[in-house]
Amino acid sequence: MALRIYNSLTKTKEVFTPIIPGKVNMYVCGVTVYDRCHMGHARCAVVFDVIVKYLRHKGYDVTYVRNFTDIDDKIIKRANEEGENWQVIAERHIKGFHRDMDGLGVERATIEPRATDHIQDMINTIQKLIHKDHAYQADGDVFFAVNTFPGYGKLSGKKLEELEAGARVQVDTRKRNPLDFSLWKESKPGEPAWESPWGKGRPGWHIECSAMSSKYLGDTFDIHGGGQDLIFPHHENEIAQSEAATGKVLARYWIHNGFVYINKEKMSKSLGNIFTIQEALRIYHPEVIRLFLISHHYRGPLDFSDVIINETEAALERFYKTLKAIDDSLVGLKEELPLDRVELKGDEREIYEKLKELPVKFECAMDDDFNTALAIGHMFDAARALNRFMDLYPQKEDSIFLSILSYGKKQFGKLGHILGILVSEPAQYLEDQRARKLRLLNIDVSEIEAKIEERNLARREKDWARADKIRAELAKRGILLEDGPEKTTWRVV
RNA sequence: GGCGGCAUAGCCAAGUGGUAAGGCAGCGGUCUGCAAAACCGUUAUUCUCCGGUUCGAAUCCGGAUGCCGCCUCCA
């Protein structure tokens with residue numbers, strides 16, 4: 001089945017055909033490094049991480065470029081506020097970005113170029129635009145002339161006249177059109193500056209992406225992505241600059257992910273409801289955060305709340321419990337049978353077929369504009385079937401039974417890898433979660449174990465009232481006991 | 001003011017013409033000393049509302065209402 005992608009440029013789902021068969025060149029706008037990363041950045045990074053992993057799973061050779069904007073007004077402002085060099089600020093937040101993304105299991109991009117390493121490339125692009133009369137100099141500044149690019153507005157669906165009418169920005173009288181934007185900015189004394197044909201200055205915001213994408217991926221590449229808020233003006237301006245300079249189409253497919261909300265409010269600095277990745281990772285397992293981010297379609301809005309993330313936690317735990325149960329059974333596996341060459345009976349056949357079908361259904365969902373929510377639904381389906389199979393199968397030592405479980409485990413591992421979930425050892429995951437929750441609740445393990453010992457004594461004497469009382473006490477503190485056939489285990493709710 | 005998006009059970013969520021995936025929570029059952037976990041069964045005759053197209057619509061078209069985003073830095 002063919003992969004179809006919703007293209008923001010045409011506003012339709014299109015069959016994905018790369019320029020070079022088997023090869024995908026993709027550029028995603030990264031972050032401006034002046035502050036800590038929040039859940040919005042996490043969503044963008046995780047969404048494109050899954051897209052890259054899926055494309056690679058489908059056999060594409062993917063070159064993924066994600067930039068760092070390490071020179072910008074906000075960085076300079078932050079440096080002044082904190083009384084530090086702007087480079088120190090940028091460097092610190094690049095490190096922070098990597099720490100956060102590593103924490104979330106987001107793979108590094110193939111190339112992570114920095115704007116300040118490409119000043120000369122940008123100057124070259126700007127000169128090209130001036131020569132072609134798409135840009136003009138005004139004192140030490142250079143502006144892009146939007147009137148010279150007929151396609152201006154094709155991505156955001158805006159018309160020049162309407163934009164002009166609604167322009168709220170204070171108009172710079174040197175601009176030929178109020179919507180003309182800076183390619184190069186003259187620097188004020190004390191500001192970071194580079195030599196250029198127009199004097200000392202620094203690049204405008206949009207030009208770095210045009211210069212760096214063409215340098216690493218060519219004038220035309222396959223996929224360009226980023227957050228929805230970048231559609232206008234950033235991506236619109238990028239298209240204008242690049243296409244005016246080269247006369248070629250910049251990118252063939254545009255992918256934009258939706259926003260993250262916190263309790264139905266858009267996350268924003270002014271509302272003070274920024275939820276940083278560091279905070280999230282302190283409270284939740286990285287895979288819980290990932291599952292939360294991909295349980296919803298990437299284009300829609302995503303509302304974060306305690307209730308919803310706790311539901312996600314329960315859902316992921318369900319997966320891991322199934323996998324743990326498989327692991328526990330698999331201890332007895334002596335030789336794994338080739339299931340496609342073994343005669344399987346009713347239930348065995350049914351579950352085997354279901355497990356075999358799972359990747360097909362998964363890919364079918366992912367091929368439809370990366371429908372991760374549906375893909376995960378199929379995985380839950382299979383997990384339930386596996387649980388049932390384990391519950392009902394009469395001989396738990398049987399090698400057919402165990403071989404089927406092993407096969408199921410492999411299928412889950414394969415698909416989980418694409419999504420970046422279920423990559424921990426089940427026992428380890430469950431233990432990590434318990435430790436994490438105990439840390440948040442501030443409870444001591446030995447105390448719990450002593451209580452359990454005390455209760456088991458009571459149980460042996462069939463003193464149920466006392467046993468129940470101990471259990472209730474622990475339950476009140478968030479510790480839930482589970483009496484198994486061998487021993488009593490506990491978990492944190 | 002201009003442009004665009006969304007509206008599916010108690011909650012989250014998939015579903016773009018063929019008769020409502022999945023998760024959480026709830027309820028009944030199996031199991032258990034009782035629980036928990038797991039399993040089985042169950043929970044929307046209906047997809048914000050009103051019209052229209054069609055043999056057939058949550059899905060397409062028109063209108064209404066509500067919520068939201070972009071137009072200014074933002075993933």
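Order of the sequence lines sets the chain letters (A, B, ...), proteins ahead of strands, with each chain counted from 1.
In this structure, the side chains of A/Gln278 and A/Asp100 come closer than 4.5 Å at one or more pairs of heavy atoms. With contacts defined as side-chain heavy-atom distances shorter than 4.5 Å, the pair A/Met26/A/Phe48 qualifies.
A distance-only check finds a donor-acceptor pair linking the side chain of A/Glu191 to the backbone of A/Lys188 [under 3.5 Å]. Between the A/Arg290 side chain and the A/Leu419 main chain, a donor and an acceptor come within less than 3.5 Å of each other. A donor-acceptor pair under 3.5 Å is absent between the side-chain atoms of A/Asp368 and the main chain of A/Asn371, judged by distance alone. No donor-acceptor distance shorter than 3.5 angstrom exists from the side chain of A/Lys487 to the backbone of A/Gly484, with no hydrogens or angles considered.
Using a 4.0 Å heavy-atom criterion, one finds that A/Leu374 contacts the bases of the nucleic acid, with or without backbone contacts as well. A/Asn387 comes within 4.0 angstrom of sugar-phosphate atoms only, judged by non-hydrogen atoms across all strands, and of no base. Counting any heavy atom pair closer than 4.0 Å across all strands shown, A/Arg471 reaches a base atom. Counting any heavy atom pair closer than 4.0 Å across all strands shown, A/Leu481 reaches a base atom. Residue contacts for A/Lys158: at a heavy-atom cut-off of 4.0 Å it reaches a base atom on one of the strands shown. Note on A/Gly258: a base of the nucleic acid sits closer than 4.0 angstrom, heavy atoms only. If you check every strand for non-hydrogen atoms under 4.0 Å, A/Gly227 touches sugar and phosphate atoms only. Residue A/Arg78 is classed as having no contact, given no heavy-atom separation below 4.0 Å to the nucleic acid.
Across the strands present, B/A44 finds no partner; the criterion is a Watson-Crick or G-U wobble pair with both atom distances under 3.5 angstrom. The pairing partner recorded for B/A14 is none, the criterion being a Watson-Crick or G-U wobble arrangement whose two distances lie under 3.5 angstrom. When Watson-Crick and G-U wobble pairs are counted only if both distances are under 3.5 Å, B/U65 pairs with B/A7. Searching all strands for a Watson-Crick or G-U wobble partner of B/A20 with both distances below 3.5 Å returns nothing. In this structure, B/U30 forms a base pair with B/A38, meeting either the Watson-Crick or the G-U wobble geometry with both donor-acceptor distances under 3.5 Å. In this structure B/C70 sits in a base pair with B/G2, meeting the Watson-Crick or G-U test at under 3.5 Å. Look at B/A58: it lacks any Watson-Crick or wobble partner with both distances under 3.5 angstrom.
Counting to the nearest Å, the P atom of B/G22 and the CG atom of A/Asn371 are 15 Å from each other. The separation between A/Asn456 atom CG and B/A35 atom P is 18 Å, rounded to whole Å. The interatomic distance linking A/Ile51 (CD1) with B/A75 (P) rounds to 18 Å, in whole Å. Between the CD atom of A/Glu313 and the P atom of B/A25 there is a distance of 12 Å, rounded to whole Å. If you take CZ of A/Phe304 and P of B/A13, they are 14 Å apart, rounded to a whole angstrom. One can place CH2 of A/Trp490 at 17 Å from P of B/A37, the figure rounded to the nearest angstrom. Rounding to whole angstrom units, CG of residue A/Asp327 and C1' of B/A38 are separated by 17 Å. Rounded to whole angstrom, the span from the CG atom of A/Asp368 across to the P atom of B/A21 amounts to 17 Å.
Rounded to whole Å, the C1' atom of B/U16 lies 25 Å from the corresponding atom of B/C11. Nucleotides B/C73 and B/U19 are separated by 49 Å at their C1' atoms, to the nearest Å. Separation of the P atoms belonging to B/A64 and B/G5 is 16 Å when rounded to the nearest angstrom. A gap of 9 Å separates the C1' atoms of B/G10 and B/G26, to the nearest Å. Rounded to a whole angstrom, the distance from the C1' atom of B/A20 to that of B/U59 is 11 Å. Straight-line distance between the P atoms of B/U8 and B/C68: roughly 15 Å, to the nearest whole Å. The same atom, C1', is picked in B/C50 and in B/G66; the two are 15 Å apart, to the nearest Å.
Checking each of A/Asp468, A/Asp483, A/Asp463 against A/Arg455 for a side-chain hydrogen bond (donor to acceptor under 3.5 Å, both in side chains) leaves exactly one that passes, namely A/Asp483.
Residue side chain A/Lys77 does not reach the base of B/C73 through any donor-acceptor N/O pair under 3.5 Å, judged by distance alone. Judged by atom type and distance alone, A/Asp483 reaches the base of B/C34 through a side-chain donor-acceptor pair under 3.5 Å.
Comparing A/Val307 and A/Asp468, the nucleotide of RNA chain B nearest to each residue sits closer to the 5' end for A/Val307. For A/Phe380 and A/Thr322, each mapped to the nucleotide of RNA chain B holding its nearest heavy atom, the one lying further toward the 5' end belongs to A/Phe380.
Relative to the side chain of A/Ile308, the nucleotides B/G69, B/C12, B/A13 differ in distance, and B/C12 lies closest. Comparing B/G2, B/A13, B/C40 by their nearest atom to the side chain of A/Arg388 picks out B/C40. When each of B/A37, B/A75, B/C71 is scored by its nearest atom to the side-chain atoms of A/His38, the top-ranked nucleotide is B/A75. Looking at the side chain of A/Tyr261, the nearest of the listed nucleotides B/C73, B/A21, B/C68 is B/C68. Of all nucleotides listed (B/A36, B/A14, B/C11), B/C11 comes nearest to the side chain of A/Glu311. For A/Arg318, counting side-chain heavy atoms from C-beta on, the closest listed nucleotide (B/A14, B/C24, B/A37) is B/C24. For A/Trp205, whose side chain is taken as the heavy atoms from C-beta onward, the closest listed nucleotide among B/C39, B/C68, B/C73 is B/C73. Here the nucleotide nearest the side chain of A/Arg491, chosen from B/A37, B/G69, B/C39, is B/A37. Side chain of A/Arg459, nearest nucleotide from B/G33, B/A75, B/A13: B/G33. The nucleotide whose nearest atom lies closest to any side-chain atom of A/Val260 is, among B/U16, B/A75, B/C71, B/A75.
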Task: Pair A/His206-A/His235, side chain to side chain donor-acceptor pair (under 3.5 Å): steps then yes or no - done: CA-CA 8 Å; A/His206 317 294; A/His235 288 161; over 6 Å; no

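The side chain of A/Arg384 places an N or O atom within less than 4.0 Å of a non-bridging phosphate oxygen (OP1 or OP2) of B/G22. Residue A/Lys266 places no side-chain N or O under 4.0 Å from the OP1 or OP2 atom of B/C67. Remark: A/Lys159 is not in phosphate contact with B/C71, judged by side-chain N or O atoms under 4.0 Å from OP1 or OP2.
With a 6.0 Å cutoff to the six-membered ring centre and a 45° limit on the axis angle, A/Lys74 counts as a cation-pi contact of A/Tyr34.
For A/Lys13, the NZ atom is densely surrounded, since the number of other residues' heavy atoms within 6.0 Å is greater than 12.
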